[in-house]
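Before any comments, here is the structure.
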Amino acid sequence: MKPIIHELGARVRDALAAIGVDADPLLARSGDPKFGDYQSNAAMGLAKKLGRKPRDLAQAIVDAITVDDLCEPPTIAGPGFINFRLSPSFLAARLAAIPPAPEDGSDRLGLGSAENPDVVVVDLSSPNLAKEMHIGHLRSTVIGDCVARVLEFQGHTVHRENHVGDWGTQFGMLVAYLKRTEPEVVENPDTLEIGDLESFYVEAKALFDADEDFKTESRETVVALQSGDPVIRRIWKAFCDESLRHCHAIYDRLGVRLIDRGESFYNDLMDEVIIRLEKARDSGDHDYVRDSDGALCIFPGGFTTRDGDPLPLLVRKSDGGFNYATSDLATILHRVEQLKATRIIYVVGITQKQHFDMLFAAARKVGWVDQEMPLEHLAFGNVLASDGRPFKTREGGVVKLKDVLEQAVARARGVIEKDSDLSADQADNVAETVGLAAVKYFDLCHSLKSDYKFNLDHMLAMEGNTAPYMLYAYARIRSIQRKAKVDHVQLTADMQITIEHPAEIELATKLLQFAEVIETVGRDLYPNVLTDYLFELAKSFSRFYDKKIGVRVIDAPEDLRLSRLRICDLTARVLKTGLRLLGIETIERM
Ligand code: ARG
């Protein structure tokens with residue numbers, strides 16, 4: 001099943017062809033349902049070119065078009081907009097054609113898969129292993145997971161790459177400190193346990209700052225690490241493994257899958273990056289690769305220093321060391337050449353915008369990435385404290401992500417306890433789901449680039465665009481179905497659907513927009529488009545089920561009753577599928 005907008009677009013295109021024009025139908029969803037569901041703006045631009053009056057051209061298109069199986073007769077408005085309103089019978093037939101949900105939870109709601117699937121790399125989460133994950137990693141993890149889920153749902157192959165920071169001078173210090181404080185780790189690297197990575201780092205850093213001998217030892221350790229000293233490597237690996245265990249405790253809890261491929265994975269490839277760039281530099285016909293103050297640089301063009309001089313991407317420092325750009329150029333080589341990526345998405349905070357702008361420009365300049373291949377920095381804003389200040393502990397330290405999640409779950413538990421007949425175990429489970437869902441949903445429903453204030457009261461509110469509201473909306477439909485005593489699995493595809501009441505038309509129209517929303521999110525990567533849609537859908541359902549403005553469902557006449565119960569079921573399925581794509585599990589009873 002295709003999104004309706006494409007089906008309708010093809011009809012407009014055919015009509016244009018019938019009057020001798022080959023042009024884009026310029027079809028979009030109407031801003032205001034008063035005018036219909038879709039609108040074509042083709043006539044205005046074309047009229048100028050063809051030397052005709054826009055309204056006449058619009059009329060010619062309307063005369064030539066065949067849409068009576070989809071829409072009411074199209075109308076012309078203003079200077080020549082063509083408005084389309086889907087017909088109730090089409091809405092009913094479309095909904096009725098959605099196949100039943102498979103038992104295994106992989107509901108696709110009858111949507112087809114991408115015709116030309118991409119191989120997409122999503123670079124997500126990517127914390128620094130020297131420390132504990134903090135609140136900032138919530139965003140790169142949750143947004144990245146959502147984007148990956150949507151792309152997988154569309155049928156693309158997705159590599160979820162966790163580009164953890166596991167290399168660099170900090171690790172010399174940490175390994176040296178570990179050697180001092182836990183000498184037995186050399187013999188038993190697998191038994192290493194560090195309860196609190198954050199304070200471990202702080203202690204190591206304090207010693208580093210205070211003790212010259214330790215500083216020297218740390219520096220020597222970095223050299224030993226880089227030259228592959230087996231003992232140092234083993235301690236380093238033990239540290240990274242332990243830090244990754246901390247990360248994965250969080251990923252498991254959040255239901256996020258990914259592949260750990262840290263900076264160290266790219267060590268050999270970084271040499272390859274340099275070899276290729278030196279070759280380009282020495283060949284003489286790539287003047288954008290050259291040395292500058294002893295450093296090897298790419299000058300992608302279009303970037304300037306404050307003084308207006310061309311700004312290069314520094315790939316090898318004058319001391320011979322590599323940097324962040326070197327490893328990111330290596331990620332590009334790996335992803336393009338080995339993973340065969342056709343689209344790469346970096347889910348990283350907006351503060352790294354310049355780095356990615358330059359990286360992408362440089363990679364294209366040296367020809368490692370085709371001009372057309374999408375390289376996207378999916379940049380997001382900061383999470384602030386609820387008073388709008390930087391998110392810090394009372395002592396001014398970073399707030400650990402695991403503590404934040406713990407708090408949200410505890411708060412959710414408090415909300416449930418008041419008036420529930422759930423057992424303690426059930427309540428714990430519900431609190432876990434609701435608490436984590438609240439944090440995720442709140443993050444995803446904000447527009448990506450702006451900062452937002454972390455506020456447990458807002459995210460756990462039962463009213464408004466929140467996870468508890470959405471989860472409740474879902475559970476409520478399931479409870480209606482239980483009350484009606486129909487098993488939703490038995491509401492089979494061959495059952496008639498009738499759409500007649502305005503609230504029914506509104507809900508059916510909303511339900512059928514799901515395909516377009518998924519397409520938009522897969523293209524633009526804005527999760528809040530999906531949360532907004534689901535919120536609208538839940539509100540449409542409330543109106544549909546409302547005693548005054550909606551329809552009777554459980555006590556409706558028998559044929560309408562089954563049709564409406566089927567609409568309830570489809571609404572629950574779209575909510576469940578949409579929430580699943582946000583990384584949120586639904587609950588049947590709340
Ligand atoms: N580890 C980096 C940081 O904490 C983020 C890495 C993002 N991914 C990348 N390929 N640069 O800032």
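Counting convention: from 1, in listed order, for ligands and their atoms alike.
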Inset, instruction - Examine distances only and state if a side-chain atom of Arg139 and a backbone atom of Gly136 form a donor-acceptor pair shorter than 3.5 Å. - result: no
Legend entry - Nearest-contact summary for atom 2 (C) of ligand 1 - protein heavy atom, Å: Ser126 O, 3.6 Å
Legend entry - Salt bridge flag under 4.0 Å for residues Lys353 and Asp357: yes
Legend entry - His134 NE2 to Lys402 NZ distance, which is reported to the nearest 0.5 Å: 14.0 Å
Inset, instruction - Specify side chain, backbone, both or neither for Val164, according to which of its non-hydrogen atoms lie closer than 4.0 Å to ligand 1. - result: neither
Legend entry - Inter-residue atom distance Thr221.OG1 - Ile232.CD1, 0.5 Å rounding: 5.0 Å
Inset, instruction - Could you grab the distance from atom CE of Met173 to atom CZ of Phe171, nearest 0.5 Å is fine? - result: 9.5 Å
Inset, instruction - Determine whether the side chain, the backbone, both or neither of Gln352 has a heavy atom under 4.0 Å from any heavy atom of ligand 1. - result: side chain
Inset, instruction - Can you pull out the closest protein heavy atom to atom 6 (C) of ligand 1? Residue, atom name and distance to 0.1 Å, please. - result: Tyr324 OH, 3.3 Å
Inset, instruction - Would you mind finding which of Glu263, His377, His163 brings a heavy atom closest to atom 9 (C) of ligand 1? - result: His163
Inset, instruction - Determine whether the side chain, the backbone, both or neither of Tyr266 has a heavy atom under 4.0 Å from any heavy atom of ligand 1. - result: neither
Legend entry - Nearest non-hydrogen protein atom, atom 8 (N) of ligand 1: Asp123 OD1, 3.1 Å
Legend entry - Under 3.5 Å donor-acceptor, Glu132 side chain and Leu197 backbone: yes
